[in-house]
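Everything below concerns the one structure shown next.
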Amino acid sequence: MTDHAFPSDPTDVTTPTAPTDPGDPTGLTRLTARQLLAGYARGDFSPVDATRAVLDRIAAVQPLVNAFVRVDSEAALAQAEAAAGRWRAGAPQGLLDGVPVSVKDLFLQRGGPTLRGSGTVRAAGSWEEDAPAVARLREHGAVLVGKTTTPEFGWKGVTDSPLTGVTRNPYDLTRTSGGSSGGSAVAVALGAAPLSIGTDGGGSVRIPASFCGVFGFKPTYGRVPLYPSSPFGTLAHAGAMARDAADTALLTDVISGADWRDWSQLAPAPALGDALAEGVKGVKGLRIAYSASFGGQVAVQPAVASAVRRAVGRLAELGAYIEEADPDISDPVEAFHTLWFGGAARLTQSFNKEQRELLDPGLREIVAAGERYSALEYLAAVDARMELGRRLGRFHASYDLLVTPTLPLTAFAAGVETPGGAGGRGAGQRRWTSWTPFTYPFNLTQQPAVSVPCGVDGDGLPIGVQLVAARHGDALVMRAAHALYEAGAAHIPAPGAV
């Protein structure tokens, strides 16, 4: 087995160097999953060709962006050879046969350790179990090329950890990728596999998707089964990341397959791919609420506000009924903190002194806060969560979709948790929730939400627009995301830093 574990943070933040283009003479790393599948079917190229191109791309960009924890090229090529044989025989397996996919290092994947960005996790062991989403990828013939970086246990909205160092933004190596699925977003943006799976407990798929210019979808809670269950409970979702809406829907359909290990999984839902195939419907006739700042509660950077407003204008041109309307909600951050910090405390409850000293200092701080909450305070947070869900449920009785910025700002300096007072409610606060006010509310309510790239700011940094539906409205969200992509509103320049 050729199993490469990568060193921590190999790029100096103050003097980044990157070639204009490490090169992909095949062009295969810029193809979508669906384009790869079509090429396999025609015999234009094989899964082995695509996997070799992706592995070469990973080798070229990894020293610059630090997006991968581990790459097993030998195993990936063996999976690709098997897929190539099935295509030659005219019997492809499932929906992703031979497509390279990366996996966030919070998901179990048999054959190697899942370190979760933490020095407290022992790499030794048999590691013989796949998480449900990974098991579904294998069943559909996907080629698993590597595990991507995460902050320790996925606790914050940027991707750096004491174990793996800092993951950097492909548009500017001095900036953060966002998190906690930062490695996955960077990998997709750079063609280091067209698809990746991540987790989202407070925005962790949508945040890096916005910062890195890709699609990131958090389905309704329970659509994608999770095992082991998250220490952050029912805030945590599994999600899909890709370069367009159709690939995002395809990946979501694959990882939504049933798994008895998750007792909270929903009943099977209609395939999102089928909803997108009815693309003629698009957004025509949908009632869409546009909330630019949650009623003035959020300070949004002008470039972000302008790009999001342009995307909303495009939805109107496509036939949606747009109304500027704010949901009747106040900032639920205290309830979120109680649940999130309490989950972190529970996660580390059995850790000894030596293990706690290995933790990210910020994680230690929220663990200490979580340990101080009482059961009554936790239940009060649950009550606040239910009230938030009721209010948003009432809002969606009038509107099919809610549109907001994904984030109020573009990517800030790498290696820090907050942007030092730039943008967001609670400017200057130390926690990542101070600059993610549009994402974590919808983890509390478990609604489907997608971040769609919609432009860049004056520094060439990506901007995301967020589309949200009522629970179980996943198809509406993805229809609108696909409509924006097909209309050209979701196309942004390829990363210039790498």
* Asked: Taking the side chain as C-beta and beyond, is there a heavy-atom pair between Leu392 and Phe442 under 4.5 Å?
  -> yes
* Can you pull the ring pair (Phe, Tyr, Trp, His ring centres under 6.0 Å) pairs that have at least one residue in residues 307-327, sequence neighbours excluded? -> none
* Between Phe211 and Trp435, how do the two ring planes meet: parallel, tilted or perpendicular, split at 30° and 60°? -> parallel
* Any donor-acceptor N or O pair under 3.5 Å, side chains Thr159, Thr167 -> no
* To do: Could you list the residues that satisfy ring pair (Phe, Tyr, Trp, His ring centres under 6.0 Å) with Phe336, not counting sequence neighbours?
  => Trp340, Trp432, Tyr440
* For Arg243 and Arg30, what are the C-alpha separation, side-chain angles and deciding distance, and is it a side-chain contact (heavy atoms from CB on, under 4.5 Å)? -> CA-CA 9 Å; Arg243 290 196 297 268; Arg30 299 313 301 172; 3.7 Å; yes
* Do Glu152 and Ser161 have side-chain N/O donor and acceptor atoms under 3.5 Å apart? -> no
* Tell me, do Leu461 and Asp172 make a side-chain contact under 4.5 Å, heavy atoms counted? -> yes
* Asked: Can a salt bridge be assigned to the pair Asp200 and Arg206 using a cut-off of 4.0 Å between side-chain N and carboxylate O?
  -> yes
N/O donor to acceptor pairs below 3.5 angstrom from side-chain atoms of residues 181-194, sequence neighbours left out:
from   : atom 1 : to     : atom 2 : distance (Å)
Ser181 : OG     : Lys104 : NZ     : 3.0
Ser181 : OG     : Thr199 : N      : 3.2
Ser181 : OG     : Thr199 : O      : 3.0
Ser181 : OG     : Ser204 : O      : 3.0
Ser184 : OG     : Thr148 : OG1    : 2.8
Ser184 : OG     : Ser196 : OG     : 2.7
Ser184 : OG     : Ile197 : O      : 3.4

* Output all residues satisfying ring pair (Phe, Tyr, Trp, His ring centres under 6.0 Å) with Tyr227, sequence neighbours left out; order by chain, then residue number. => none
* Structure fact -> ring pair (Phe, Tyr, Trp, His ring centres under 6.0 Å) filter on Phe107, not counting sequence neighbours, yields none
* Asked: Between the side chains of Ser291 and Asp326, is a donor N or O closer than 3.5 angstrom to an acceptor N or O?
  -> yes
* So how far is it from Asn443 CG to His237 NE2, rounded to the nearest 0.5 Å? -> 5.5 Å
* Indicate whether any N or O donor in one side chain lies under 3.5 Å from an N or O acceptor in the other, for Thr32 and Asp244. => no
* To do: Please identify each residue that fulfils ring pair (Phe, Tyr, Trp, His ring centres under 6.0 Å) with His472, with sequence neighbours left out.
  => none
* Taking every non-hydrogen atom, the tightest pair across Pro437 and Phe294 -> O-CE1, 3.5 Å
